[in-house]
Amino acid sequence: MVIMNELPGFLTNHSSHLKGSEPGKDYIYGAIFCSLGKYPISPSVVRALLERWDSVANTFVFPCGERTITLLDMKNMAGLPLDGEPYDEFIPSRAYMEPAMLLYPKTLLPLYRAWRKLEDGGKVTFQKWCDYFHCTPGNLSGFDSSEFSNIYTAAFLTLWICCFAIVGGGPYIRPGVLVTASWMTLGRQFALAQPALCSLYYSLRLISTKPINPASLRKLWPVHYLIGWIGDHIPAVFGNRMKHVNIPVCPYPSVRPTMLDTMSRKPTLFSPKSAHKLLCRDKNILWNPYEPLDEDLTAQPNSLRTNRIFDLSLRRGMLPWRIATYKTDFCILEPYHPERAARQFGLDQVVPHLPLTSLVTEFDVGIAYAHWRHLLRPIYEDSHLIPDEYRVGRASLAWVRWFSAFIEPFNSILHSLGQDNLYDPISFGARQCDYHIHPGLAPRNLSSRDLTVVQRVAEEHLQDYLVSIMNKEMTNNDHWKRAAQPSGCTGRLSGSNSHDCGQQLDHPSSGQALSKDTQSMDATEIEKIFLATAYQVSLKVLNGLDVTTLKDPERCAALQLTSTSLPGNFASISKIKAMLDKLVAISQQLQLAHSEFEASSGRVDQAVGQVKQELSVKKNALQATAQEMISVEERKAELLAEVAKFNLALKELEEKEEKLLKTQSAQELEVKEQEQALCDATTKANKRANDDLRAKTMMCIRTFICFQCIGRAH
């Protein structure tokens, strides 16, 4: 495409506002550089990964946890900025575009006129746009050099946003991008990572919710971001670096996105079954493959810039993307749940919130500004403590129980896909009959659920609102908590509910006063009743108890509560209490040993992480050395080839010189012979001429003497 030929010259000559104003920082120069190359990959890997996509939470479901493409990934792998002004696509009124109104840059009106000139049915293809501005620069002949440069830059940024950065709507120029591109040309910086990730999430939603034939969805979608994420988090998908990568020559960015390394690596081919096995092994997938965000983090532990990038990446919410075409104006909102993949940030994983609901709306596009305000709100200095590069996030026990139930339906589906049941002979008509449009894909009106993270509540109603949110979340969290309680208790093992449970143990008749018949019983009968009750309660609290569950603090609390609730004035029950007390002591010892083991394991993990980091540094250095060796060998081969050419030319010159010397000697000899012959001929001619002259002179003298004698005779 023409854009590939256009990029190098653009990055060299029109990149003043793309690198940022701070030294060592980058705005979108690196992101544009990522669009120079190609991203080949094994199709089986992409298919196996898409099979794990959960369109409800926008995450990949793996055996050991959820992972997703985060805003931090978009920053590190693609170089897209997270911070800046909200990105918005809209078409202003034609009158407002006039430079005299001073509302928009001067470049906007020429761009809009060009779009209207090229549009056919409200669409302008990428190729038409390139041909107009790049192949026929005479279309901008009426502008001076500064205006020409700004218009050309804005036209290129429009093309880059539509076909690479924020993809959507097919291979066409979206007129709503013209305003943002014009402002970017003048140096204004926009947050591009959020709408770009929304575009990717929306594309994955379209693919995953089209069960008829996902491959028939032949639309332009940002698959390069997915491949870049695979290259960072699943390195086994790609092999070694390729020797020759067809990247045009232009200055490299100061901050290199990791997609530049992905495009230069050779993809490994996988079969559907091998790709499925690859993603089933957790060791093949990295949690956090990136270097620290700020290289000077040790020298500046309170770096506000680094803290803000990390904080922006961790904010749960809805990613807004407002799109304006010639005829329609709508807004797409996709859920963003970084808390479901906390270990990608080096944080501990806990039970996540209920997922938000995606939204496509044509009438309430202003909701995008509320979500932008939520995502870009100011941060506080202590909002997040950034973990160091050696920290490995852990999963809580509560999350493990929750995830075991959550992943069960996914495992059954993935097992069928792993057995290649995807290729069973199911007719197209049968699948079409079962197909229903996903409610998140069709435009709809706003509901209260869409305002969960942006709704403003009056101060007097704030506490009630928080309680209602907690009650909604309770259904997501309480199902595993109830499973941990002794079945003889109806409430949790804390607070007043634990007291109620104790009452139930102390009073077999549910807290009512003993009847007169019971009071008349002798001590033996009373002991039997209490013993039966104690035995029944003990069986329930001991149900499922083993070495693994004995170290659970909740189970230990249940044992201790049961022991203290039993009466101690009966010998038979005292034995049960003693047994329970021993179990409590053993449980406490196991907890202490487990905590010590975790502490030592943490130290070992830290040491292993440090060794891995050192090994990674050495591997990188070795790889760099090997790359330099390859470059040196290639240069050496080139020089040797040039030396061989020079030797051959020198030999030819020497042979020619020898021939010329021989020719010169022969010519000199011939010249000498000719000179000698000329000299001899000249000598002979002179002698002959002298002899003739002398003879003629003597004849004239004799004639004169004769005449003189005759004259005297007369």
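Computed from a predicted structure; not experimentally measured. FYI, the numbering just counts along the sequence from 1.
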Undergrad: Check whether any side-chain heavy atom of R52 sits under 4.5 Å from a side-chain heavy atom of C280, and report yes or no.
TA: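 Of all side-chain heavy-atom pairs linking C280 with R52, at least one is under 4.5 Å.
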
Undergrad: Side chains of T258 and D261 only: does a donor on one sit below 3.5 Å from an acceptor on the other?
TA: no

Undergrad: Hey, are E51 and R47 close enough for a salt bridge, meaning a charged N less than 4.0 Å from a carboxylate O?
TA: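 The answer is yes: the pair qualifies as a salt bridge.
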
Undergrad: Counting only heavy atoms not in R377 (residues, nucleotides, ligands), do more than 12 fall under 6.0 Å from its CZ?
TA: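 More than 12 within 6.0 Å, yes.
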
Undergrad: Main chain of G239, side chain of R265: is a donor-acceptor contact present, judged purely on distance under 3.5 Å?
TA: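 Yes, because the side chain of R265 sits within donor-acceptor range (under 3.5 Å) of the backbone of G239.
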
Undergrad: Is it the case that atom CZ in R373 sees more than 12 heavy atoms from other parts of the structure closer than 6.0 Å?
TA: no

Undergrad: Would you find a donor on one side and an acceptor on the other, under 3.5 Å apart, between the side chain of Y336 and the backbone of S313?
TA: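 Between the backbone of S313 and the side chain of Y336 there is a qualifying donor-acceptor contact (under 3.5 Å).
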
Undergrad: Considering non-hydrogen atoms only, spot the tightest contact between A57 and E66 and give its length.
TA: CB-OE2, 4.3 Å

Undergrad: When you measure from the side chain of R316 to the backbone N and O of H337, does any donor-acceptor pair fall under 3.5 Å?
TA: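 No; judged by distance alone, with no hydrogens or angles, the pair does not exist.
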
Undergrad: So, the side chain of N58 versus the backbone of P335: is there a donor-acceptor pair under 3.5 Å, distance only?
TA: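 Yes: the side chain of N58 pairs with the backbone of P335.
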
Undergrad: For a 4.5 angstrom cut-off between non-hydrogen side-chain atoms, does I234 reach L279?
TA: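 They are in contact (side-chain heavy atoms under 4.5 Å apart), so the answer is yes.
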
Undergrad: Strictly distance-based, threshold 3.5 Å: is any side-chain N or O of Y202 a donor or acceptor partner for the main-chain N or O of W321?
TA: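 Such a contact is absent between Y202 side chain and W321 backbone.
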
Undergrad: Within 45° of the axis and under 6.0 Å from the centre of the six-membered ring of F406, does NZ or CZ of R340 qualify?
TA: yes

Undergrad: For the atom pair CZ (R281) and SG (C64), what is the distance rounded to the nearest 0.5 Å?
TA: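 Those atoms lie 13.0 Å apart.
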
Undergrad: Taking all non-hydrogen atoms of both residues into account, name the closest pair between M259 and C34 and its distance.
TA: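 Distance-wise, the nearest heavy atoms are CB-SG, 4.0 Å.
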
Undergrad: First locate atom NZ of K75, then atom CG of L72, and finally report the distance between them rounded to the nearest 0.5 Å.
TA: 9.5 Å

Undergrad: Can you tell if the side chain of L312 reaches within under 4.5 Å of the side chain of L376, non-hydrogen atoms only?
TA: yes

Undergrad: In the structure I gave you, are the side-chain heavy atoms of T70 and D73 within less than 4.5 Å of one another anywhere?
TA: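 Touching, per the 4.5 Å side-chain cut-off.
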
Undergrad: Could you pull out the closest heavy-atom pair between P222 and L200, with the gap in Å?
TA: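 Nearest heavy atoms, P222 then L200: O-CD1, 3.6 Å.
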
Undergrad: Over all heavy atoms of both residues, which pair between F345 and P338 is shortest? Give the atoms and the distance, please.
TA: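 The answer is CE1-CB, 3.8 Å.
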
Undergrad: Determine yes or no for a side-chain-to-main-chain donor-acceptor pair under 3.5 angstrom, with S616 supplying the side chain and K612 the backbone.
TA: no

Undergrad: Could you walk me through whether I166 and Y87 pass the side-chain contact (heavy atoms from CB on, under 4.5 Å) test, one step at a time?
TA: CA-CA 11 Å; I166 307 173; Y87 176 87; 3.5 Å; yes

Undergrad: Using 30° and 60° as the class boundaries, would you call the ring planes of F60 and F62 parallel, tilted or perpendicular?
TA: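 Tilted, since the angle between the ring planes falls between 30° and 60°.
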
Undergrad: Judged by modelled atom types alone, do Q591 and S587 share a side-chain donor-acceptor pair under 3.5 Å?
TA: yes

Undergrad: Do Y201 and T68 meet the criterion of a side-chain donor-acceptor pair at a distance under 3.5 Å?
TA: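 Per modelled atom types, Y201 and T68 side chains form a pair under 3.5 Å.
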
Undergrad: Yes or no on salt bridge (charged side-chain N to carboxylate O under 4.0 Å, His left out) for R67 and D282, after CA distance, side-chain angles and deciding distance?
TA: CA-CA 11 Å; R67 291 173 172 87; D282 191 64; 3.1 Å; yes

Undergrad: Are any of the side-chain heavy atoms of M184 and I161 separated by less than 4.5 Å?
TA: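 Yes, their side chains come closer than 4.5 Å.
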
Undergrad: Counting distance only, does the side-chain N/O of S264 pair as donor-acceptor with the main-chain N or O of R241 below 3.5 Å?
TA: no

Undergrad: Does any non-hydrogen side-chain atom of L278 lie less than 4.5 Å from one of V237?
TA: yes

Undergrad: So do V584 and C556 actually touch side chain to side chain, heavy atoms under 4.5 Å?
TA: yes

Undergrad: How many angstroms lie between atom NE2 of H371 and atom CG of L359, to the nearest 0.5 angstrom?
TA: 7.5 Å

Undergrad: What is the ring orientation for Y29 with F33, classed by angle as parallel under 30°, tilted 30 to 60°, or perpendicular over 60°?
TA: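 Aromatic pair Y29/F33 classed tilted.
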
Undergrad: Look only at the side chain of Q194 and the backbone of L319, and say whether a donor-acceptor pair between them is shorter than 3.5 Å.
TA: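 Checking the backbone N and O of L319 against the side chain of Q194, no donor-acceptor pair under 3.5 Å is found.
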
Undergrad: Please tell me whether Y369 and D88 have a donor and an acceptor in their side chains that are separated by less than 3.5 angstrom.
TA: yes

Undergrad: Would you say L356 and L333 make side-chain contact, with heavy atoms under 4.5 Å?
TA: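 With C-beta onward as the side chain, the pair stays apart.
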
Undergrad: Are the side chain of S44 and the backbone N or O of F270 linked by a donor-acceptor pair below 3.5 Å?
TA: yes

Undergrad: How far apart are the closest heavy atoms of S55 and T209, and which atoms are they?
TA: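 For S55 and T209, the tightest heavy-atom pair comes out as OG-CG2, 3.9 Å.
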
Undergrad: For the residue pair L82 and A191, what are the closest heavy atoms and their distance?
TA: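 What the structure gives for the nearest pair is O-CB, 3.3 Å.
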
Undergrad: Treating D232 as the side-chain partner and P289 as the backbone partner, does any N or O pair qualify as donor plus acceptor under 3.5 Å?
TA: no

